[in-house]
Number of protein chains: 2
Amino acid sequence: MSKVSPRRTDPRTHTALIEIAAALLATEGPQALSTRRITAEAGTSTMAVYTYFGGMSGLVREMVHEGFQRLQRHLTAVRSTSDPVSDMALLGRAYRLNALANPHLYSVMFGGASLSGFSLTDEDRQHGRYTLTGVVECVAHCVSVGRFADADVAHVAHQMWIATHGLVTLELGGYLVAPLDGDALFDPQLVALMVGAGDRPEMAARSVRASRRRIERELSQQAG
Amino acid sequence: MSKVSPRRTDPRTHTALIEIAAALLATEGPQALSTRRITAEAGTSTMAVYTYFGGMSGLVREMVHEGFQRLQRHLTAVRSTSDPVSDMALLGRAYRLNALANPHLYSVMFGGASLSGFSLTDEDRQHGRYTLTGVVECVAHCVSVGRFADADVAHVAHQMWIATHGLVTLELGGYLVAPLDGDALFDPQLVALMVGAGDRPEMAARSVRASRRRIERELSQQAG
DNA sequence: GTGCTAAACATATCGCCGTTATGCAACAAT
DNA sequence: ATTGTTGCATAACGGCGATATGTTTAGCAC
């Protein structure tokens, strides 16, 4: 039962490997991610990947978790406006900008970019779905102040997420070309969804276009 | 200047290789796609991939083109209803069902699943964007019969595509779990977008909910 | 301080991959 | 029949993730 504590791992090497891998993924894409490349830049042998992460999958997994946390940080750093509808737009923009800033990482996180047999577990995906909590709260806020109908907030939040994710992935894939590129499509997409999925039906006298114009006005005030 | 025409390639081998690769991709996923695997099942040597396709990328590219053509066929086989709004929903459903039927292929086509350094060219992406022509026509039809506002039809078609693609990719990635899975989210997403992005604003007296209900009714009639 | 043990790590190797060099058989042109 | 070009099998190359094996080092008992 004697517990011996031999040489322990160096946490600096741990983070260094992940940072090197993240930089490699960001600058040269997924095919540059190899144990030999990473460990060579870290000054160790390939075994380091196995002692620290149990293999390439483990390293990628921790990198993905880091990406989820960074996305979460970007999203939670948003809430500030007095208008919850504008907040939703800001959430979507932050989501998109984070994805555009780390395109390869986003592909691994949500696109399932097959990285040498790496695949996410259900627990990993839960981290991804955690992104939604902020959106759900924002939708609930919109409902509570009477801007959105009292529908299923999780449902509406999912629709926002789906649309934003779809635009981002097509944009990253190079499928959105000018003049209908991501910049041109993003805000109108959000507006359309907020009108169609969230807006209050009680104001029957107001047309769809009136709702759209109102939301567009609020968004443009937040554009700067 | 003497042109000699020695032994020609066998077109049956050409298609056999692509079909084997497609079957392999569909049944065992992207990591099962290897020259050795494919050529072994075809009864040839690995060189066949290079004489017929110039390498693995060429084979994947032709496979992707085949996938685009199949998607296009699925979509063009849809138009039949008298109501263009219902047609749009049917288009979206066909798009989604095609993707769910060939998830790995769809990932390669649109997700940019990095298949051993394979990446699409702009010309490949044009084939993907060709998908939109049917949707654009359908939106134009909705406008022509007075169901949609006279907005930019390409813009609206893009929004439909974006939302459908987003739902499909998240669904394929395993991010949509019950009770808010793809089945539950798909039709409402389409309805919301049609209401918010396409519906006519002129009928100012009708509420957003009225528009939604009308579209939902028309979709449910087409559900069978 | 001195062993002892177990973990960290380097080295070498394995089986796989895409790709390429080489060689030979097959066929069209002459 | 000869010749030249191409299809394609064989074998090899470099690189990959992973593993087996040996070496070094850190911490504990004494």
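Below, each value reflects all heavy atoms present in this structure, side chains not excepted, and no hydrogens, waters or symmetry copies. Residue numbering restarts at 1 for every chain, and letters A, B, ... go by the order of the sequence lines.
- Between B/Gln159 and A/Leu193, the closest side-chain pair of non-hydrogen atoms is not below 4.5 Å.
- Under the 3.5 Å distance criterion, with hydrogens and angles disregarded, no donor-acceptor pair is assigned to the side chains of B/Tyr175 and A/His158.
- Put simply, A/Tyr52 has no side-chain N or O that comes within less than 4.0 Å of OP1 or OP2 on C/dA8.
- Counting heavy atoms from C-beta outward, A/Phe53 and A/Ile18 have side chains that approach closer than 4.5 Å.
- Nucleotide D/dG17 holds its C1' atom 13 Å from the CG atom of A/Leu33, rounded to whole Å.
- The side chain of A/Thr35 lies closest to D/dG17 when the candidates are C/dT11, D/dG17, D/dA9.
- A straight line from CZ of B/Arg37 to P of C/dC17 spans 9 Å, rounded to a whole angstrom.
- Considering only side-chain N and O atoms, B/Ser34 lies under 4.0 angstrom from the phosphate OP1 or OP2 of C/dC17.
- One atom, OH of A/Tyr50, and another, C1' of C/dA10, lie 14 Å apart when rounded to the nearest Å.
- Atom CZ in B/Arg36 sits roughly 14 Å away from atom P in D/dC13 (whole-Å rounding).
- When the side chain to side chain contact (heavy atoms under 4.5 Å, CB included) test is applied to B/His74, the partners found at least two apart in sequence or on another chain are B/Arg70, B/Asn98.
- Distance from the side chain of A/Thr46 is smallest to C/dA12 among D/dT10, C/dA12, C/dA10.
- Between B/His165 and B/Phe110, the ring planes are perpendicular. Angles over 60° get that label, and only those under 30° would be called parallel.
- Within a 6.0 Å sphere centred on CD of B/Gln31, heavy atoms belonging to other residues, nucleotides or ligands number 12 at most.
- Whole-Å rounding puts the B/Met56 CE to C/dC16 C1' distance at 14 Å.
- At the heavy-atom level, A/Ser45 lies under 4.0 Å from base atoms of the strands shown.
- At whole-Å resolution of the value, CD in B/Gln31 and C1' in C/dG18 are 16 Å apart.
- As a whole-Å value, the separation of A/Met47 CE from D/dA18 P is 11 Å.
- A salt bridge is absent between A/Asp122 and A/Arg129: the closest approach of a Lys/Arg side-chain nitrogen to an acidic carboxylate oxygen does not fall below 4.0 angstrom.
- The nearest whole Å value for the distance from the CZ atom in B/Phe118 to the C1' atom in C/dC17 is 18 Å.
- Each end of the helix from C/dG1-D/dC30 to C/dT30-D/dA1 gets its own rotation axis from five pairs of C1' atoms, and the angle between them is 10° to the nearest 10 degrees.
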